[in-house]
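Predicted, not measured: the structure shown is a model, and the values here were computed from it.
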Amino acid sequence: MDLRAEVVIVGGGVMGTSIAWHLVRAGVRDVVLVERDELAAGSTSKAAGGVRAQFSDELNIRLGARSLEAFGRFAAEVGQDIGLHRVGYLFLLSTPGQVAAFEAGVRLQNSLGVPSRLLTPEEARRLSPLIRTDGLLAAAYSPDDGHCTPEAVVHGYATAARAHGARILRHTEVTGIELRGDTVTAVATTLGRIETGTVICAAGAWSRAVGAMVGVELPVRPLRRQIAVTGPVPGLPPTLPMTIDFTTSLYFHREGPGLLLGMSDPDERPGFATDTHDRWIPRLAEAMRQRAPALLDAPRTGGWAGLYENTPDHNALIGEAPEVSRFLYATGFSGHGFLQGPAVGEVIRDLYLGRVPFLDISPLSAGRFAADAPRPEANLV
């Protein structure tokens, strides 16, 4: 099979499908998306589905807020119900340093139009009645945040992109990228060759290998993160926010009549393993005992593992490589990629078309590490 395409997108998660939709909607013809598995089979389908604008970095706040607006319009604009619940994000804070950092974050967020605010521990417990307030100093809350269904977002974008003429090749692996000098000329895949002048890498945890095909360093390391799901939990308020104990990183939100919950595991080592294990459960149970002991009674009915795509400063890589023409990338989101998918699709579309994006994302270029200019994000889960 030999194809021609104006643009080849590598990766069929939220980034790849959002980029495809934004490109074809802007009139770009012959967009081909290549996914080695099923759509959303990588990190997107394993995400907790949280959507927020409560970040410490102005770029992330603006990407998050822009995406929240798009998620709000998704059913009307893209044609897919994504199960959006605008129940807010609630960060529970137990040290003076956390409170000071979130106070500064709330000021920055408010200056950018995000309605976040600090709450007392008692106000936090009224919103999230499963928590204990012992040791809590304050909480940060934004009512616009919430959660939705990651797979629904991907399939909505993919269906709409196809309707506008994009081609999506599933079960097709990229095996190489051909260059003439420093110019992209084709993508080699297990289905054949695709002649193209532009490649966009949206391969998530697998992006380093794609970048290496054209000599571009994309410093992305995969790290397994696990999620547990409980059976029914009586008395859950319908508006239970996504609740995060910032000290332990324990988080939970409603999932049907039960809860979806998770936390980071400091013993996890980088790698592509996505099998589940119970080694993290004692630490999870201890975090629950401290912050939300009612969770200990909730029966665990299932769970899964997925990959974070971490960069050295836990912030995204978005841009166009200067050393090769035209290789663009949107990867390394370090756990907040799903929630930024709509806005990043818009940014990559504009970079491709030579337009000025709504946001200057040049500080997120992959070259920042070589230039010793990392851009850390503090509000990580």
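Distance check: His147 NE2 to His85 NE2 gives 5.5 Å after rounding to the nearest 0.5 Å. Going from atom CZ of Phe333 over to atom OG of Ser43 covers 11.5 Å, rounded to the nearest 0.5 Å. To the nearest 0.5 angstrom, Arg36 atom CZ is 12.5 Å from Thr175 atom OG1.
Considering every non-hydrogen atom in both Pro257 and Leu236, the closest pair reads O-CD1, 3.9 Å. Minimum heavy-atom separation, Ala48 to Leu260: CB-CD2, 3.9 Å. The two atoms that bring Val87 and Pro241 nearest to each other are O-CB, 3.3 Å, heavy atoms only. Smallest separation of non-hydrogen atoms from Ser94 and Asp245: OG-OD1, 4.2 Å. In plain terms, the two heavy atoms of Thr274 and Ala305 that are nearest each other are O-CB, 3.4 Å. Counting all heavy atoms, side chain and backbone alike, Leu33 lies closest to Ala20 at CD1-CB, 4.2 Å.
Residue Arg29 places its CZ atom among 12 or fewer non-hydrogen atoms of other residues, nucleotides or ligands, all under 6.0 Å distant.
Taking the six-membered ring where the residue is Trp, the centroids of Tyr89 and Phe55 are separated by 6.0 Å or more.
Using a 3.5 Å distance cut-off with no hydrogens or angles, the side chains of His171 and Glu38 do pair a donor with an acceptor. For the residue pair Asp265 and Gln226, no side-chain donor N or O sits within less than 3.5 Å of a side-chain acceptor on the partner. For the residue pair Glu377/Ser56, the side-chain donor-acceptor check at 3.5 Å is satisfied. Between Gln109 and Ser116, the side chains place a donor N or O and an acceptor N or O closer than 3.5 Å (distance only, hydrogens not considered). Ser362 and Asp360 share a side-chain donor-acceptor pair at under 3.5 Å.
Under the rule for a salt bridge (charged side-chain N to carboxylate O under 4.0 Å, His left out), the partners of Arg73 that lie at least two apart in sequence or sit in another chain are Glu77. A search for salt bridge (charged side-chain N to carboxylate O under 4.0 Å, His left out) contacts involving Asp313 returns Arg368, not counting sequence neighbours.
Hydrophobic clustering of Ile, Leu, Val, Met, Phe, Trp and Tyr side chains at less than 4.5 Å, counting indirect connections, unites Leu179 with Val10. Hydrophobic cluster membership differs between Met242 and Leu284, with clusters built from Ile, Leu, Val, Met, Phe, Trp and Tyr side chains linked at under 4.5 angstrom.
A donor-acceptor contact shorter than 3.5 Å links the side chain of Ser67 to the backbone of Ala343. Put simply, the side chain of Tyr352 never gets that close to the backbone of Ile19: no donor and acceptor are under 3.5 Å apart. In terms of modelled atom types and a separation under 3.5 Å, the side chain of Thr172 and the main chain of Arg170 share a donor-acceptor contact. With Arg180 contributing its side chain and Thr185 its backbone, the two residues share no donor-acceptor pair below 3.5 Å. Side chain of Arg326 to backbone of Val184: no donor-acceptor contact under 3.5 angstrom is found. With hydrogens and angles ignored, the 3.5 Å screen pairs no side-chain donor or acceptor of Asp57 with any backbone N or O of Ile61. Of the possible donor and acceptor atoms, one in the side chain of His164 sits under 3.5 Å from a partner among the backbone N and O of Ala160. Side chain of Lys46 to backbone of Ala41: a donor-acceptor contact under 3.5 angstrom is found. Side-chain atoms of Arg86 do not come within 3.5 Å of backbone N or O of Pro143 as any donor-acceptor pair.
Between Glu286 and Arg289, at least one side-chain N (NZ, or NE/NH1/NH2) sits under 4.0 Å from a carboxylate O, which counts as a salt bridge. For the pair Arg4 and Glu195, the salt-bridge criterion is met [side-chain N within less than 4.0 Å of a carboxylate O]. Ionic pairing of Arg225 and Glu268 is not present here: no N-O contact between side-chain nitrogen and carboxylate oxygen is shorter than 4.0 angstrom. Using a 4.0 Å cut-off between a side-chain N of Lys or Arg and a carboxylate O of Asp or Glu, Arg221 and Glu309 do not qualify as a salt bridge.
Residue Asn60 is tested with Gln340, Arg52, Arg375 for a side chain to side chain contact (heavy atoms under 4.5 Å, CB included); the sole match is Gln340.
In this structure, Phe91 and Phe102 have tilted ring planes: the angle between them lies in the 30° to 60° band. Phe74 and Tyr157 have perpendicular rings, their planes meeting at more than 60° on a 0 to 90° scale where under 30° would count as parallel.
Looking only at side-chain heavy atoms (C-beta outward), Ile194 and Leu169 come within less than 4.5 Å of each other.
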